[in-house]
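Here the structure comes first, spelled out in C-alpha cells, and everything after it is commentary.
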2 protein chains.
Amino acid sequence: MITAKNCIIRLSRYKNALYRLQTLGFVKVFSDNLADAVGVTAAVVRKDFSVFGISGNKKGGYQIEILLEKINSILGKDRLQKVIVIGAGHIGSALMRYRGFEKEGIKIAAGFDIDPAKINRYNALPILPLEEVKDFIKSQGIKIAILAVPDIAAQEVLDLVCSCGIKGILNFAPLRLISPEGCIVNNVNLEIELENLIYFVNVAEKTK
Amino acid sequence: MITAKNCIIRLSRYKNALYRLQTLGFVKVFSDNLADAVGVTAAVVRKDFSVFGISGNKKGGYQIEILLEKINSILGKDRLQKVIVIGAGHIGSALMRYRGFEKEGIKIAAGFDIDPAKINRYNALPILPLEEVKDFIKSQGIKIAILAVPDIAAQEVLDLVCSCGIKGILNFAPLRLISPEGCIVNNVNLEIELENLIYFVNVAEKTK
DNA sequence: ATCATAATGTTACTTTTTTCACAATAACAA
DNA sequence: TTGTTATTGTGAAAAAAGTAACATTATGAT
C-alpha cells in the first residue's frame, strides 16, 4: 500500500493515544476524541482510517481494542522487531538503555562499536565489535539499524550495514546519507530540531 | 515573517551543506549543488531563498560566505543560544554530553532533575535541583528548554517551565503535551521514528 | 414501529506545497 | 561590441494535503 509518511506517523500517534484512553478505562472512541488527542481534525482521523480500510460504527464510533489490533497490524507491531545500535557513544548508549522501545515491541538485540574498550560481550545487551556486525545481522535476521556514530564515519557504516542486508536505518548523524536502492534512511537531527524551535521562538518574540 | 516549518528545516540543511562545501574549499555554489546536497530539487532551493529575499547572481550562483551569513541571521545563529535540559536520565544526560550543539552555537547552560543523587552543582555543566529552575531561567534569560523527563511528569514540568518564561520546548516524552499560548513545543519521538521506519521497510519487503 | 439523533464515510472544495518551464540577465568569449 | 551560455528568479500548472459539508445509517427513545 502506497501511503504518505505523515499518515503513518499519525497512525502511530493514534495508537499511543488509544493506549492511554484504554488505560483510563475507555472501550470506544470517536473520531473527534482521537483528533483532540493527537492534534488534528476529526476528518483527518476518519480519512486516515478509510485509507487503511478501518471502519467504525455509524453511531458507536470505534472499538478501541479492535482499532488497536488493526493499527498494530498495519505498523507491523504484531511481532517483535529486533534492531541493532551502531555506535556506543553518548547517544548510542542512551538509546541502548532507553526503556521506551521495548514497550513498543522493539528490542535492541545488540550494540556495536569499533572501540575495544566499549565491548562487553556478556552483558544482557551485548556490545560487540563492529567486525561481527555482518554475522550478527545475517544470523539474527536484523533489518533495522540505528546509526549513532560520528558524522565522519556515518556514510561508511551505512554502506557496511546495507551490504549486510539492513533495509532501514535511523540515522542520528547530522548529515544526509546516501543509501543504496532498497534501504530507507530516516533522520533524527537534534541540532535542526533545536534550530527550528529557536527560529519560531524568535519570530514569535519579534511579532509580539 | 510567516513561513512553513519545512522551509525552515530546509534552511538548516542548506546551512549544514554549505559548511561542508566551504570545508572542501568551495567559495560559490549553485542551486542544483545545494539541491543534491539536501535531497530536494533546484527549484525548491531557489524558491526558499526567494521567500527570504536571498538572491544570487545570474550565472555565478551564490557566494557561500554571504549565503551562510544570511541563513545564520535568519535562523538566529548570529548569537549564542542558551538552553536548559530538564531531566538527567539516560536521554537527558546524553544530550548534556552531546558535542553537536555547541558547534551550532547552542549552549546547554544547565541541567535540572528532582533526584538529589543527580545534582552536581560544581560541574562545568551543573545539574541543579528542579526547584531552582525558575530563578535560573529568570536570571539567565533562558527561553528554550529540552524536556527529557518520564512521560508521566512531562506535562507538569512543561507547565512549570512555561510559567517561568520558557517560550520553546523540545520534548522527548512520547506524548502530546498541551502548551499555553505563546509557548511552542517541538516533539522528538524516537519510538515513532522507528515505527515509521519499520512500516516502510515492511511495505518495501511486501511489494518486492 | 417510527422518529430523532449522533457519528461515520465520502465527495467536493480549498489551501499548501512542489514541480515545471522559461524569460531575464550576468559573465565570458570571440 | 555582439553573441552565446549558464544560471537565477518567478509565474503558472500540477500534485498533495487538509477542510468542510453532508448523505448515510446504526442506535436508542418514544
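Each chain gets a letter, A, B and so on, in the order the sequences are listed, and its residues count up from 1. These numbers come from the heavy atoms of this one structure, side chains and all, not from hydrogens, waters or symmetry mates.
- With sequence neighbours left out, A:Glu69 forms a salt bridge (Lys or Arg N to Asp or Glu O under 4.0 Å) with no residue at all.
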Show me the donor-acceptor pairs, under 3.5 Å and distance only, between side chains in residues 171-180 of chain B and residues at least two apart or in other chains.
from: B:Asn171; atom 1: OD1; to: B:Ala173; atom 2: N; distance (Å): 2.9
from: B:Asn171; atom 1: ND2; to: B:Ala173; atom 2: O; distance (Å): 3.0
from: B:Asn171; atom 1: ND2; to: B:Leu175; atom 2: O; distance (Å): 3.3
from: B:Asn171; atom 1: ND2; to: B:Asn187; atom 2: OD1; distance (Å): 2.7
from: B:Ser179; atom 1: OG; to: B:Cys183; atom 2: O; distance (Å): 3.0

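- Using a 4.5 Å cut-off on side-chain heavy atoms (C-beta onward), B:Ile192 and A:Asn16 make contact.
- Close approach of DNA chain C to chain B, defined as any atom under 4.0 Å from a non-hydrogen atom of the protein, starts and stops at C:dT17 to C:dA27.
- Using a 4.0 Å cutoff on non-hydrogen atoms, the parts of residues 12-31 of chain B near DNA chain D are B:Phe30, B:Ser31, ordered by number.
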Could you list the donor-acceptor pairs under 3.5 angstrom formed by side chains in residues 135-153 of chain A, with sequence neighbours left out?
from: A:Ser139; atom 1: OG; to: A:Asp135; atom 2: O; distance (Å): 3.1
from: A:Ser139; atom 1: OG; to: A:Phe136; atom 2: O; distance (Å): 3.3
from: A:Gln140; atom 1: OE1; to: A:Lys82; atom 2: NZ; distance (Å): 3.4

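- Within residues 68-76 of chain A, no residue approaches DNA chain C, by heavy-atom distance under 4.0 Å.
- Sorted by first then second residue, the salt bridge (Lys or Arg N to Asp or Glu O under 4.0 Å) pairs that include residues 187-200 of chain B, not counting sequence neighbours, are A:Lys15-B:Glu195, A:Lys77-B:Glu195.
- Residues A:Leu67 and A:Tyr14 have side chains not in contact (no heavy-atom distance under 4.5 Å, counting atoms from C-beta outward).
- Evaluation of the salt bridge (Lys or Arg N to Asp or Glu O under 4.0 Å) test over residues 44-63 of chain B, restricted to residues two or more places apart or in two chains, returns B:Arg10-B:Asp48.
- Contacts of residues 38-47 of chain B with DNA chain C (heavy atom under 4.0 Å): B:Thr41, B:Ala43, B:Val44, B:Arg46, B:Lys47.
- The residue B:Phe49 sits apart from the nucleic acid: no heavy atom pair falls under 4.0 Å.
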Show me the donor-acceptor pairs within less than 3.5 Å that the side chains of residues 19-30 of chain A make with the rest of the protein, sequence neighbours left out.
from: A:Tyr19; atom 1: OH; to: A:Asn72; atom 2: ND2; distance (Å): 2.9
from: A:Thr23; atom 1: OG1; to: A:Tyr19; atom 2: O; distance (Å): 2.8

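- Within the structure, ring-ring contact (aromatic ring centres under 6.0 Å, His included) contacts touching residues 57-103 of chain B (residues at least two apart or in different chains) are B:Phe49-B:Tyr62, B:Tyr98-B:Phe101.
- Taking 4.5 Å as the limit, every side-chain heavy atom of B:Val133 sits out of range of all side-chain heavy atoms of B:Leu128.
- Taking 4.0 Å as the cutoff to heavy atoms of chain A, we find the contact window on DNA chain D bounded by D:dA17 to D:dT27.
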